[in-house]
Amino acid sequence: MTPEAERKMQFLFALRSRGVTDNRVLQAMETVDRAAFIRHYFTDRAYEDMPLPIACGQTISQPSVVGLMTQALNVSSRDKVLEVGTGSGYQAAVLSQLARRVYTVDRHMRLVREAREVFDGMGLVNITAFTADGSHGLPDQAPFDRIIVTAAAEDPPGPLLAQLKIGGIMVLPVGQSDAVQRLIRVTRSETGFDYDELRPVRFVPLVEGLGRDS
Ligand code: SAH
C-alpha cells in the first residue's frame with residue numbers, strides 16, 4: 001500500500017472509531033482533501049484527528065467533529081444548506097458533496113477569499129461564500145433545509161431559527177466561549193423547535209460584526 005493510501009485508511013479508521021459511521025459522510029470526507037484547506041505550517045498533520053490553526057486566529061475543526069456534525073445534519077441531495085463560519089472552507093466542501101447547494105459565510109473577508117480559491121481549484125461549483133455576519137443568517141437566500149454553525153453562541157441565534165424550514169435541522173455548539181460547549185441539534189416542526197444534545201465540544205466564539213480585515 002502506498003503511504004498516501006495508508007494515511008487515508010487511517011484517517012477513515014479514526015473517523016469510524018469516533019462515531020462517524022454514515023457511509024455517505026465517510027465517502028465525502030475521503031473525497032475532499034483536508035490538506036488543501038491548511039495553507040500554513042501544518043499540512044503534514046492534515047490527516048490527524050485534531051483541530052489546526054488557520055489565518056485570522058481561527059481554527060479548522062477536528063475531522064471527527066466535522067464528520068459528527070455532518071452526520072447529525074442528515075443532509076440529502078435536494079437540500080439547500082447554510083454554514084455560518086467558513087473558516088478554511090473544509091466543512092463547506094464536505095457538505096457540498098452531499099447537498100444541492102451550500103451557502104457559507106464568514107466575518108473575515110480573507111478567509112472567504114482563500115476558501116473560494118480552494119473551492120474553485122477543486123471545481124466545487126455548488127458552494128457560494130460570502131463575507132457577512134452570519135448571526136443574522138442570510139435573509140436573501142432563506143429559508144434553508146439545513147443550517148450548521150461552526151462557532152459557539154450562548155444560544156441559537158433567533159434569525160437562524162427563523163430561517164430554518166419546517167422539517168429543517170440545525171446543528172450548532174452552544175455555551176460560553178471559554179468553557180466546554182454542548183453540540184445541539186434543533187429540528188423545526190409545524191409547532192415549534194425540538195432540541196437534542198449531542199456531545200460536548202469546543203469551538204471559537206461566534207462574534208458579532210465583520211472582522212477587522214473586512
Ligand atoms: N467550519 C470551519 C471552521 C470554522 S472556525 C472549517 O471547516 O474550517 C469558526 C469560524 O467562524 C471562524 O472562521 C470565524 O471567523 C467565524 N465566525 C465567528 N463569528 C462569526 C459570525 N458572526 N459570522 C460569520 N462567521 C463567524
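As a basis for the values below, the full set of heavy atoms in this structure was taken, side chains included, without hydrogen atoms, waters or symmetry mates. In each ligand, atom 1 is the first atom listed, and ligand 1 is the first ligand listed.
Between G85 and ligand 1, at least one pair of N/O atoms sits closer than 3.5 Å. Of the N or O atoms in G134, one or more lie within a sub-3.5 Å distance of an N or O in ligand 1. For the pair R107 and ligand 1, the shortest N or O to N or O distance falls below 3.5 Å. Taking any N or O of V207, backbone or side chain, at least one lies under 3.5 Å from an N or O belonging to ligand 1. For D133, a nitrogen or oxygen atom sits less than 3.5 Å from a nitrogen or oxygen atom of ligand 1, counting backbone and side chain alike.
Neither the backbone nor the side chain of I54 has a heavy atom within less than 4.0 Å of ligand 1. Proximity of A92 to ligand 1, defined as any heavy-atom pair under 4.0 Å, is not found for any part of the residue. Contacts with ligand 1 closer than 4.0 Å are made by no heavy atom of V66, backbone or side chain.
Judged by distance alone, with hydrogens and angles left aside, the side-chain atoms of Q97 form no donor-acceptor pair with the main-chain N or O of M29 at under 3.5 Å. No side-chain donor-acceptor contact under 3.5 Å links D106 to the backbone of T131. Proximity of a side-chain donor or acceptor of T150 to a complementary backbone N or O of G85 within less than 3.5 Å is detected.
Judged purely by distance below 3.5 Å, without hydrogens or angles, the side chains of Q71 and D22 never pair a donor atom with an acceptor atom. Side chains of Y47 and D33: a donor on one and an acceptor on the other come within 3.5 Å. For D194 and T187, the side-chain atoms include no donor-acceptor pair closer than 3.5 Å.
Here K165 pairs with D145 under the side chain to side chain donor-acceptor pair (under 3.5 Å) rule; sequence neighbours left out.
Here is the list of ligand 1 atoms found below 4.0 Å of a heavy atom in I60: 8 (O). Every atom of ligand 1 is numbered from 1 in the order shown, and the set under 4.0 Å from a heavy atom of S88 is 6 (C), 7 (O), 8 (O). Ligand 1 places these atoms under 4.0 Å from at least one heavy atom of T59: 3 (C), 4 (C), 5 (S). With ligand atoms numbered from 1 in the order given, ligand 1 contributes 1 (N), 2 (C), 6 (C), 8 (O) to contacts under 4.0 Å with heavy atoms of T86. Under a 4.0 Å criterion applied to the non-hydrogen atoms of A132, ligand 1 contributes the atoms 23 (N), 24 (C). In summary, the atoms of ligand 1 found under 4.0 Å from a heavy atom of V204, numbered by their order in the structure, are 5 (S), 9 (C). Within the listing of ligand 1, atoms 13 (O) sit less than 4.0 angstrom from a heavy atom of L111. Atom numbering of ligand 1 starts at 1 in the shown order; those under 4.0 Å from a heavy atom of P205 are 18 (C), 19 (N).
Atom CD of Q27 is surrounded by 12 or fewer heavy atoms from other residues, nucleotides or ligands within 6.0 Å. With a 6.0 Å radius and a threshold of 12 heavy atoms from other residues, nucleotides or ligands, R45 has its CZ atom at or below the threshold.
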Open item on the list: One pair to check against salt bridge (charged side-chain N to carboxylate O under 4.0 Å, His left out): R7 and E48. What are the steps and the verdict?
Closed with: CA-CA 9 Å; R7 227 172 26 201; E48 292 176 29; over 6 Å; no

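The shortest heavy-atom distance from T104 to ligand 1 is not under 4.0 Å. In this structure, C56 has no heavy atom closer than 4.0 Å to ligand 1.
Ring-plane geometry between F119 and F37 is classed as tilted, the angle between the planes lying from 30 to 60 degrees on a 0 to 90 degree scale.
For atom 14 (C) of ligand 1, the closest heavy atom belonging to the protein is Q58 OE1, 3.4 Å. Here the heavy atom of the protein found nearest to atom 7 (O) of ligand 1 is Q91 N, 3.0 Å. Of the protein's non-hydrogen atoms, the one nearest atom 15 (O) of ligand 1 is D106 OD1, 2.7 Å.
A salt bridge does not link D133 with R107: none of the charged nitrogens is closer than 4.0 Å to a carboxylate oxygen.
A cation-pi arrangement, defined by a distance under 6.0 Å to the six-membered ring centre and an angle within 45 degrees of its axis, is present between R101 and Y103.
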